[in-house]
Enquirer: 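Take this structure, written in C-alpha cells, and hold onto it; I'll ask about it next.
Side-chain atoms are counted along with the backbone in the values below, which use heavy atoms only and exclude waters and symmetry mates. Model, not experiment: these values are computed from the prediction. Every chain is numbered from 1 and lettered A, B, ... according to where its sequence line falls, protein lines coming before strand lines.
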Amino acid sequence: MHTPAELKYTEEHEWVKLEGKEALVGITDYAQGELGDIVFVELPAEGKAVKQGEVFGTIEAVKTVSDLYAPVSGKVIATNKSLTDHPEDINKSPYKDGWMIRITVDNPGEMEKLLNADGYKTHVGAEH
Amino acid sequence: MAEKLIFERSRPGTRGALIAPLDVPGKGVDALVPAGLRRAVEPVLPEVSEPVVVRHFTNLSVLNHHVDKDFYPLGSCTMKYNPKINDRMAALPGFASLHPMAPEASIQGALALMWELERALAEITGLPAISLQPAAGAQGELTAMLIARAYHRSRGDEARVEVVIPDSAHGTNPASVAMAGMKAVEVKSNAEGRLDLEALQAVLGPRTAAMMLTNPNTVGIFERRIDEIAKLVHAAGGLMYLDGANMNALVGLVRPGDMGFDMMHLNLHKTFSTPHGGGGPGAGPVAVRSDLAPFLPAPTLVRDGDLYRLEENRLMSVGRMHGFAGNFLVLVRALAYIRSLGASGLAEVSHQAILNANYLLARLAPTYAVKYPGPCMHEFVLSAVKQKKQGARAADISKRLLDYGFHAPTTYFPLIVEEALMIEPTESEPLGTLDRFVEVMIEIAEEIERDPENVRNAPHTTPVIRPDEARAARQLRVKWTPTRNDG
Amino acid sequence: MQHPFIPRGEGEEAQMLEAIGVSSFETLLAPIPQHVRLGRWLDLPEPQSEYQIARQFEALAALNDVPSRFTSFLGAGAYDHFVPAAVDHLSFRSEFYTAYTPYQAEVGQGTLTTIFEFQSMLAELTGMDLANASLYDGASALAEAALLAASVTGKSKIVVAGPLHPNYLQVLETYCRGQGIEVLCDPSADGVINRGWVRDSLPGAAAVVAQSPNFFGLVEDVSGVFADARSQDAKAIQVFLPHALPLYKTPADMGADLAVGEGLALGSPPSFGGPALGLFTTKLEYARHIPGRLVGETVDRNGKRAFVMTLRTREQDIRREKATSNICTNQALLALRATIYMSMLGPQGMRDVAEQCLEKAHYLAERLASVKGFALPYKGTFFQEFVVQTPRPAWEMIAEARARGVLPGVDLARFPGLQAGTNRMLVCVTEKHTRADLDGLVEVMGEAARG
C-alpha cells in the first residue's frame with residue numbers, strides 16, 4: 001500500500017495535494033485496491049462548489065458503488081476527463097494519472113482536519 | 001471455441017418459416033404507406049433455416065445450469081422443482097390463446113381461475129383482499145407502498161412518507177420505496193440477526209407510513225418478537241408490510257395476516273413453483289387487509305352470482321400496474337401447484353423446507369462460520385471469514401462449486417454478514433443431493449487449506465471462465481453490430 | 001405418504017433430526033410464538049392428481065372464447081400473430097425454462113447469449129443504440145421511460161401527444177403519481193396528435209410521449225413533435241409496434257430518445273395479456289440510467305468471447321434506493337421466444353408479415369366501409385388496426401357476432417376516457433386472417449347491422 005508522505009488524507013480514503021491556491025483530489029492506493037477494477041467515476045461539473053466532508057461524486061467498481069467525499073471546500077475548476085475512457089488509471093496510478101478533480105481552496109486551514117500519511121496508515125490498519 | 005451468435009450463422013437467401021401468400025387483392029406497400037413514413041434502411045436480422053435455428057438454440061441451451069439438472073442452493077430465491085402439470089395447464093389453448101380484450105362473456109374461464117387463485121392466496125396469507133396484477137415481487141412492493149401512501153393521504157396524513165426497512169433487506173425494498181416517492185429509513189439488526197427494537201422505536205413517528213419486513217428475515221431467522229414489532233409500528237400509525245419472498249418457510253404454518261401484517265406480496269416464482277425462465281417471468285400478487293381493499297390496483301376482480309368481471313371504476317385505487325390483468329399464464333401455474341399440493345401438501349412444503357435447511361446448517365456449521373446460530377427456518381447464512389484468512393473468499397467458493405455441477409449459493413447478501421453464503425435448499429431436494437452438497441462444501445474447505453490458489457482460480461471446467469466483468473462495463477458492447485454497405 | 005413433489009423417504013426425517021441434534025421437529029419452530037401459528041389445515045382442497053387438475057382446468061379453459069372456435073379481430077395492445085412451432089419446442093427446454101437469472105455467467109451462457117441476441121435484434125428493428133433485457137410489459141416500459149426522462153432532466157411533467165392506449169396511460173399515471181410527476185393528455189379529437197396543444201404544453205416538460213401506430217391504429221410522423229420536444233429540452237419517447245417496424249420509419253429516425261413497446265406478439269400467443277414482454281430501447285448516452293438488466297459482451301480469462309450482465313451498479317441489489325428502478329425479475333423467457341421468433345422469420349418473414357397485415361387490414365376496412373351503416377371515422381394512414389363507426393352500439397354488434405362465432409373487434413366504449421361514444425369499434429387484422437375470414441366478418445357485420 002503506497003501512501004505518499006507529502007499528501008493529506010481523509011478517513012474516507014481520499015487524498016488531497018495542495019498546489020498553491022489549488023488542490024488536486026483523488027482516492028488512495030488502498031481504496032483502489034479494496035474497490036477492485038474501477039469502471040466508472042461520476043464527477044461534478046466545472047464551477048460546482050464542494051464542501052469539506054460532503055459527497056462530490058461516486059465511484060463504481062463492477063459490483064460496488066461508493067461515494068467520494070471532498071477533503072476540503074472549494075470550487076471545481078477542472079475534472080480529469082480521461083477517466084471517462086480510462087477509469088483503470090485510478091487503479092494503475094491513483095496519485096498521478098488517476099487524479100479526479102482540481103479545486104480552488106477556500107480555506108487552507110481546513111487541511112488541519114485531515115490525516116497525514118502516518119495517520120492515514122494507522123487509520124487503515126485500524127480498519128482491518 | 002466460442003459459440004456463434006445467430007447473426008453469425010446467417011446465410012443470405014435462407015429463411016426459417018413460410019408466410020402464406022397474400023390472398024386478397026393487394027394495393028402494394030407504396031400505395032398504403034406514405035413515402036415520408038417508409039422505413040429507410042432494412043433491419044439486419046439473421047437469415048437462417050429452421051434446422052439451423054433449432055441447432056443454434058439447442059446448443060446454447062446446454063450451456064446453462066438449470067434446476068431440472070441440479071441443485072441451486074440460492075438463498076432467498078426458492079429454486080424449487082417446477083412441476084410439469086403446471087406448464088401443461090398454462091399451455092391449454094383456452095388460456096394461452098385467450099385475448100385480453102375479448103368481451104366479458106368470452107373470458108369467464110380466465111376470470112373464474114383468477115378468482116379461485118385469489119381465494120386460495122387469501123386463505124394462505126390470512127389477508128382477504130388480493131390483486132393479481134403485479135408482474136413481479138418488486139412491482140408488488142411498489143404497489144403496496146403506493147397503497148400505504150394513498151391510505152394515509154385518505155386520512156389526511158400527508159406527512160407519512162417514511163418506510164422503515166431493516167439493514168438486512170433485499171435491495172428491491174428500498175428501491176421500491178424510492179419509486180413510490182417515499183423515503184427509506186434503515187434500522188439496524190442486533191447481534192442475533194434480528195431487528196433491534198430500540199433502534200426501531202427511535203425511528204418510528206408521525207412520518208412513518210409503513211414498515212417493510214421480511215419474516216423469516218434474510219438470514220433465515222424468524223422475528224420472534226413480531227407481535228411487539230407490529231404493535232410498535234401500529235401504535236406509531238404505520239402499516240406493516242411483509243416482503244413475502246420467504247413465504248416458503250411459512251406456508252400452511254403461519255399466516256402473515258395473523259402475525260400483524262396489513263399487506264404483503266407473494267412471489268409466485270418462488271413459493272409457488274412457477275419456473276424462473278432465465279430471469280422471468282414471475283408474478284408478485286399483493287394481499288391486503290379488508291379496509292385497504294379500496295386502494296388495490298384497478299381493475300379488481302368482482303363476482304356477481306355466477307359471472308365474473310373486471311371492475312375498472314375504483315375511485316380510491318392507486319391505479320393500474322399492468323397493461324392487462326397481470327402475468328396470467330404464471331397465475332395458471334400457481335393455481336395448478338396449489339391444487340396439486342392441497343392443504344396437507346402445502347404444510348409439508350414448509351415443514352420439509354425448514355427440515356432441509358436445518359440439516360444443511362448442522363452439517364456445515366463445523367466447517368464454515370455461522371454468525372447467527374440455529375435453528376434457522378428455510379434458509380441460513382454461512383460466513384467464509386475463516387476461508388478468507390486461508391486465501392479464498394465466498395466468491396471463489398461459489399465458483400469452485402460450479403466445477404462440481406452445483407450452482408453457487410447467494411453470495412455477499414445479506415450485507416450484514418461478511419463473506420456471506422446464503423443457502424436455501426427448498427423442500428424439493430432429495431437427501432442424497434443435500435449430502436452430496438455437504439461433502440463438496442467440506443471438500444472445498446479442505447482444498448482451501450491445502451491449495452487455496454486452485455479455488456481462487458475456479459471454475460476450471462465451465463464453458464467460460466471468469467469473464468472480464470470490468471471490461472464489459474468499461475467497454476460497453478450490448479449488441480452485435482452488422483457490417484453494412486451503406487452506398 | 002409424502003407428496004410427489006417432496007422427495008423424502010421413510011426414516012429420513014428421523015435421520016435428519018438426529019444430525020441436527022434435536023429430538024423433535026417442533027424444537028426447530030421454537031422462535032415462532034404459538035399464538036401466531038395457524039394450528040389447523042389451510043381451508044383448501046386436499047391434494048389432487050394431475051388428471052383431476054386437468055379436468056378442472058380444461059373445463060375453465062373451455063369457457064373462454066379462443067381462435068380455434070372464434071374468428072377473432074381483436075387488437076388494442078395484444079395481437080394474435082403466427083408463432084412457429086420451433087419457438088415452443090426450444091423455449092420449453094428445461095435448460096432455458098428452469099434456469100435462474102444468469103448472475104453466475106459461467107453457467108448461464110445459454111441465457112446470456114440469447115439475451116444479447118435479443119438486445120441486438122431490438123436495436124436493429126428500432127434503430128436505437130441499445131435495448132435492455134426486457135421489462136414487464138409495454139405499459140411499464142413506458143412508465144420507466146418517463147421516470148428516466150424526469151430523472152435526467154430534473155423536470156416533473158410528461159406530455160402525452162395523441163391517442164395513447166388507455167391502459168398504458170393509466171400505468172404511466174400510476175408510476176408518475178408516486179413521484180409527483182404530472183401527466184398531461186392531448187385533447188385531440190380527430191384521432192391524431194394536436195401539435196399546437198403539444199407545443200403549448202412542452203415548456204417545463206421532461207418528455208413528450210407519442211404512440212405510433214397510436215391506439216386507434218393510425219400512423220403518424222412524430223418527428224416534428226419530437227423536434228418540438230428537443231427545442232424545449234424535453235426527451236422524446238415513442239411507443240412503437242414491433243410488427244410495424246419492418247415497413248415504417250424507425251423511432252431512431254423519428255428522433256426518439258427512448259422507444260418502448262409491447263413485444264409479446266413476437267413469438268408468443270395473446271396469453272390473456274400476460275406474461276408480456278416490455279421492450280425498452282434508447283440512446284447510448286442514457287445507458288447508465290436505464291432500468292432493468294443489460295447483457296454485455298466481453299472475454300473470459302482465456303480470451304474466449306463471453307457474455308455477462310453488465311452495468312450492474314444501476315440495479316437495486318447494489319444501488320438500493322438510488323437504483324435506476326426497483327425491477328429485479330424480468331420477462332427473460334418471453335425475450336428468448338422473441339429471439340427465436342425473429343430468427344425463424346428473418347428479415348423477409350418479418351416483412352412479409354407486416355405487408356400482409358397492412359394489405360389485409362386495408363382490404364377489410366374498404367369492404368366494411370361499404371356496408372350500409374358503417375363508416376371509417378378517421379382518415380389517416382393505418383397499419384393493421386382501424387376504427388369503424390357501427391350502425392348499432394358496438395356491444396350489440398359484438399354480441400350478435402359472437403353468436404355467429406366471430407369476435408369482430410374491441411368496443412371503444414370500454415374506455416370511458418376516450419369519449420368515443422357507443423358506436424365505435426377497433427378492428428385488428430393479422431397475417432393469419434384469410435380472405436374467407438375477412439369476407440366472413442363483413443357478412444356477419446352486415447347481418448348484425450340488420451339485427
Enquirer: With a 4.5 angstrom heavy-atom cut-off, could you sort out which part of C/Ser72 is near chain B: side chain, backbone, both or neither?
Expert: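 No part of C/Ser72 comes within 4.5 Å of chain B.
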Enquirer: Compare all side-chain heavy atoms of B/Leu5 with those of C/Arg305 and state whether any distance is below 4.5 angstrom.
Expert: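 Counting from C-beta outward, B/Leu5 and C/Arg305 do come under 4.5 Å.
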Enquirer: Counting only heavy atoms closer than 4.5 Å, note whether B/Arg149 contacts chain C via side chain, backbone, both or neither.
Expert: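 Contact with chain C: side chain only.
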Enquirer: Can you tell which part of C/Thr329 gets under 4.5 Å to a heavy atom of chain B, answering side chain, backbone, both or neither?
Expert: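 Both parts, backbone and side chain.
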Enquirer: Just so I understand: if I count every heavy-atom pair under 4.5 Å between each of B/Ala110, B/Ala135, B/Gly26, B/Gly181 and chain C, which residue has the most?
Expert: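 If we count pairs closer than 4.5 Å to chain C, B/Ala110 comes out on top.
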Enquirer: Check whether C/Glu262 gets within reach of chain B through its side chain, its backbone, both or neither, counting any heavy atom under 4.5 Å.
Expert: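 No part of C/Glu262 comes within 4.5 Å of chain B.
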Enquirer: Given a strict heavy-atom distance threshold of 4.5 Å, which part of C/Leu74 is in contact with chain B: side chain, backbone, both, or neither?
Expert: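 Both backbone and side chain.
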Enquirer: Just say parallel, tilted or perpendicular for the rings of B/Tyr72 and C/Tyr100, cut-offs at 30° and 60°.
Expert: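 If you compare the ring of B/Tyr72 with that of C/Tyr100, the planes turn out perpendicular.
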Enquirer: Would you mind telling me which of B/Ala20, B/Ala336, B/Ser273, B/Ala325 has the largest number of heavy-atom pairs within less than 4.5 Å of chain C?
Expert: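 The option with the most such pairs is B/Ala336.
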Enquirer: Non-hydrogen atoms of chain C under 4.5 Å away: do they reach the side chain of B/His407, the backbone, both or neither?
Expert: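 Only the side chain of B/His407 comes within 4.5 Å of chain C.
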Enquirer: Measure C/Ala287 against the heavy atoms of chain B and call it side chain, backbone, both or neither at under 4.5 Å.
Expert: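 Just its side chain gets close to chain B.
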Enquirer: Less than 3.5 Å apart, any donor N or O on the side chain of B/Ser344 or C/Glu46 sitting next to an acceptor on the other?
Expert: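 B/Ser344 vs C/Glu46: donor-acceptor pair found between side chains.
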Enquirer: Non-hydrogen atoms of chain B under 4.5 Å away: do they reach the side chain of C/Gln2, the backbone, both or neither?
Expert: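 The answer is both parts of C/Gln2.
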Enquirer: Under a 4.5 Å cut-off applied to non-hydrogen side-chain atoms, are B/Glu469 and C/Thr298 in contact?
Expert: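 A side-chain contact is absent here, since even the closest heavy-atom pair is not under 4.5 Å.
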Enquirer: Go through the atoms of C/Pro45 and report whether side chain, backbone, both or neither lie under 4.5 Å from a heavy atom of chain B.
Expert: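 Both parts, backbone and side chain.
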Enquirer: So for atom CZ, which belongs to B/Arg88, do other residues, nucleotides or ligands contribute more than 12 heavy atoms lying within a distance under 6.0 Å?
Expert: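 For B/Arg88, atom CZ is not crowded (no more than 12 foreign heavy atoms under 6.0 Å).
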Enquirer: In terms of heavy-atom pairs under 4.5 Å with chain C, which of B/Leu146, B/Ile221, B/Leu402 leads?
Expert: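 Most heavy-atom pairs within the cutoff with chain C belong to B/Leu402.
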Enquirer: Below 4.5 Å from any heavy atom of chain B, which atoms of C/Phe272 appear? Answer side chain, backbone, both or neither.
Expert: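 Both backbone and side chain of C/Phe272 come within 4.5 Å of chain B.
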Enquirer: Side chains of C/Asn326 and B/Met145: closer than 4.5 Å at any heavy-atom pair?
Expert: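 No, too far: nothing below the 4.5 Å cut-off.
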Enquirer: Is C/Tyr168 in contact with chain B via its backbone, its side chain, both, or neither, using a 4.5 Å heavy-atom distance?
Expert: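 Neither part, no heavy atoms under 4.5 Å.
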Enquirer: For C/Arg93, which atoms come within 4.5 Å of any heavy atom of chain B: side chain, backbone, both, or neither?
Expert: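 Side chain only.
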Enquirer: Find out whether C/Tyr363 and B/Asp23 are in side-chain contact, i.e. whether some heavy atom of one side chain is under 4.5 Å from a heavy atom of the other.
Expert: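 Of all side-chain heavy-atom pairs linking B/Asp23 with C/Tyr363, none is under 4.5 Å.
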Enquirer: Taking atom types as modelled, is there a side-chain donor on C/Thr111 or B/Asn64 under 3.5 Å from an acceptor on the other?
Expert: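 Indeed, the side chains of C/Thr111 and B/Asn64 share at least one donor-acceptor pair under 3.5 Å.
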Enquirer: Sort C/Ala139 into side chain, backbone, both or neither according to what part of it lies under 4.5 angstrom from a heavy atom of chain B.
Expert: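 Side chain only.
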Enquirer: If you count heavy-atom pairs under 4.5 Å between each of B/Val177, B/Thr14, B/Leu74, B/Leu361 and chain C, which one has the most?
Expert: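 Of B/Val177, B/Thr14, B/Leu74, B/Leu361, B/Leu74 has the most heavy-atom pairs under 4.5 Å with chain C.
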Enquirer: Report which part of B/Leu253 has an atom under 4.5 Å of a heavy atom belonging to chain C: side chain, backbone, both, or neither.
Expert: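 For B/Leu253, backbone and side chain are both near chain C.
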Enquirer: With sequence neighbours left out, what residues match B/Lys80 under side chain to side chain donor-acceptor pair (under 3.5 Å)?
Expert: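 Here the qualifying residues are B/Asn248, B/Tyr337, B/Glu427.
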Enquirer: Give, as side chain, backbone, both or neither, the part of C/Ile398 having an atom under 4.5 angstrom from any heavy atom of chain B.
Expert: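 Just its side chain gets close to chain B.
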Enquirer: Can you tell me how far apart CG (C/Leu90) and OG (B/Ser61) are? Round to the nearest 0.5 Å.
Expert: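 Spacing of CG (C/Leu90) from OG (B/Ser61) equals 8.0 Å.
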Enquirer: B/His56 and C/Glu117: side-chain donor and acceptor closer than 3.5 Å?
Expert: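 Yes.
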Enquirer: Quick check for you: among B/Ile338, B/Asp227, B/Val24, B/Val53, which has the greatest number of heavy-atom pairs under 4.5 Å with chain C?
Expert: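 Most heavy-atom pairs within the cutoff with chain C belong to B/Val24.
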Enquirer: So which of B/Lys27, B/Gln108, B/Met259 has the largest heavy-atom pair count under 4.5 angstrom toward chain C?
Expert: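 Among B/Lys27, B/Gln108, B/Met259, the one with the most close pairs to chain C is B/Lys27.
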Enquirer: Check whether B/Ala180 gets within reach of chain C through its side chain, its backbone, both or neither, counting any heavy atom under 4.5 Å.
Expert: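 Only the backbone of B/Ala180 comes within 4.5 Å of chain C.
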Enquirer: Which atoms of C/Leu247 come close to chain B, meaning under 4.5 Å heavy atom to heavy atom: side chain ones, backbone ones, both, or neither?
Expert: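 Both backbone and side chain of C/Leu247 come within 4.5 Å of chain B.
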Enquirer: Check whether C/Ser325 gets within reach of chain B through its side chain, its backbone, both or neither, counting any heavy atom under 4.5 Å.
Expert: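 Looking at C/Ser325, backbone and side chain both touch chain B.
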Enquirer: Check whether B/Phe57 gets within reach of chain C through its side chain, its backbone, both or neither, counting any heavy atom under 4.5 Å.
Expert: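 Both parts, backbone and side chain.
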